[in-house]
Amino acid sequence: MTNRKKIAAGNWKMHKTLQEAQGLVHEIRTMAETELMNQAQILVFPPFIHLQTLVKQTEGSNIKIGAQNMHQNEQGAFTGEISASMLKSIQVEYVLIGHSERRQYFNETTTTCREKINKALIHGLKPVYCIGETLEERNQGNHFVVVEEQLQALADVQPENFSNTIIAYEPVWAIGTGLTASADQANEMHIHIRKVVSEILNADFAANVSILYGGSVKPDNAQSLFAMSDIDGALIGGAALNSRDFIDIAKSF
Ligand code: PEP
């Protein structure tokens with residue numbers, strides 16, 4: 001019997017001014033407090049400059065705030081970058097690592113992600129580690145191998161940090177495209193991820209780690225995804241920018 005957390009996480013990417021962000025969080029908080037009857041944990045990943053404001057705005061609620069990225073070094077001459085200790089110093093709790101857009105546009109690799117995950121955990125941040133194959137990799141039948149390689153970034157996670165680590169499976173071909181992996185396709189990969197994680201780390205962690213699915217999750221497909229044995233929630237892009245859609249997804253567990 002596992003005790004996996006159910007999570008609805010919204011990745012806002014490069015969207016929303018401060019005023020818009022405050023408005024959206026206000027709506028999400030109000031709807032969550034009046035409508036959300038399940039135990040779903042809500043995570044919101046806004047742009048860096050809104051983090052501190054939104055951490056304060058969500059105090060005492062079921063909404064936790066996370067960053068979309070962080071640098072792997074402690075500090076130094078890395079113009080434009082943000083460190084784990086900076087995030088921690090403003091009470092940020094979660095951080096996305098290795099989102100496919102970071103891999104595609106900013107050359108992040110499994111090695112970089114491994115360093116980031118380790119650094120995040122040292123500072124008490126909870127990494128949401130994003131993995132997933134491209135369409136080309138899936139069409140070539142390489143999707144399982146690609147994900148296996150990406151999962152190596154978790155190799156140094158220590159048992160005391162197992163409960164602080166989350167995985168998000170996001171097939172790149174389903175992100176922002178309107179294409180969703182079928183519930184069976186997604187679940188097949190989630191089961192595979194647990195098997196690989198069990199080999200890299202241990203069976204207990206594999207059984208208990210929350211694995212989110214991401215890729216065009218909407219209110220009308222969330223329920224069928226969440227009904228699957230190994231899907232513990234969603235990492236949501238587009239639909240997380242609309243409070244109604246985001247909360248309706250969170251209500252689908
Ligand atoms: C994402 O950016 O992580 C994502 C899954 O986006 P979308 O829901 O828009 O496909």
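For ligands, and for the atoms within them, numbers begin at 1 and follow the listed sequence.
Side-chain atoms of Asp230 never come within 3.5 Å of backbone atoms of Asn187 as a donor-acceptor pair (strictly under, hydrogens ignored).
Applying the side chain to side chain contact (heavy atoms under 4.5 Å, CB included) test to Asn202 and every residue at least two apart in sequence or in another chain returns Phe162, Asp204, Phe205. Under the side chain to side chain contact (heavy atoms under 4.5 Å, CB included) criterion, Leu54 pairs with Trp12, Ala21, Gln22, Val25, Pro46, His50, Gln57, Ile65, not counting sequence neighbours. In this structure, Lys218 has no salt bridge (charged side-chain N to carboxylate O under 4.0 Å, His left out) partners at least two apart in sequence or on a different chain.
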Need the list: ligand 1 N/O atoms against protein N/O atoms, distance under 3.5 Å, rounded to one decimal.
| unit_1 | atom_1 | unit_2 | atom_2 | d |
| --- | --- | --- | --- | --- |
| ligand 1 | 2 (O) | Lys13 | NZ | 2.6 |
| ligand 1 | 2 (O) | His99 | NE2 | 3.0 |
| ligand 1 | 3 (O) | His99 | NE2 | 2.9 |
| ligand 1 | 3 (O) | Glu170 | OE1 | 3.1 |
| ligand 1 | 3 (O) | Glu170 | OE2 | 2.6 |
| ligand 1 | 6 (O) | Gly237 | N | 3.4 |
| ligand 1 | 8 (O) | Ser216 | N | 3.4 |
| ligand 1 | 8 (O) | Gly237 | N | 2.8 |
| ligand 1 | 9 (O) | Gly238 | N | 2.8 |
| ligand 1 | 10 (O) | Gly176 | N | 2.6 |
| ligand 1 | 10 (O) | Ser216 | N | 2.7 |

For Arg244 and Glu35: C-alpha separation, side-chain torsions, deciding distance, then whether salt bridge (Lys or Arg N to Asp or Glu O under 4.0 Å) applies. CA-CA 11 Å; Arg244 181 72 274 152; Glu35 299 177 29; 2.6 Å; yes

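No option in Arg138, Glu188, Glu133 other than Glu188 meets the side-chain contact (heavy atoms from CB on, under 4.5 Å) test with Phe144.
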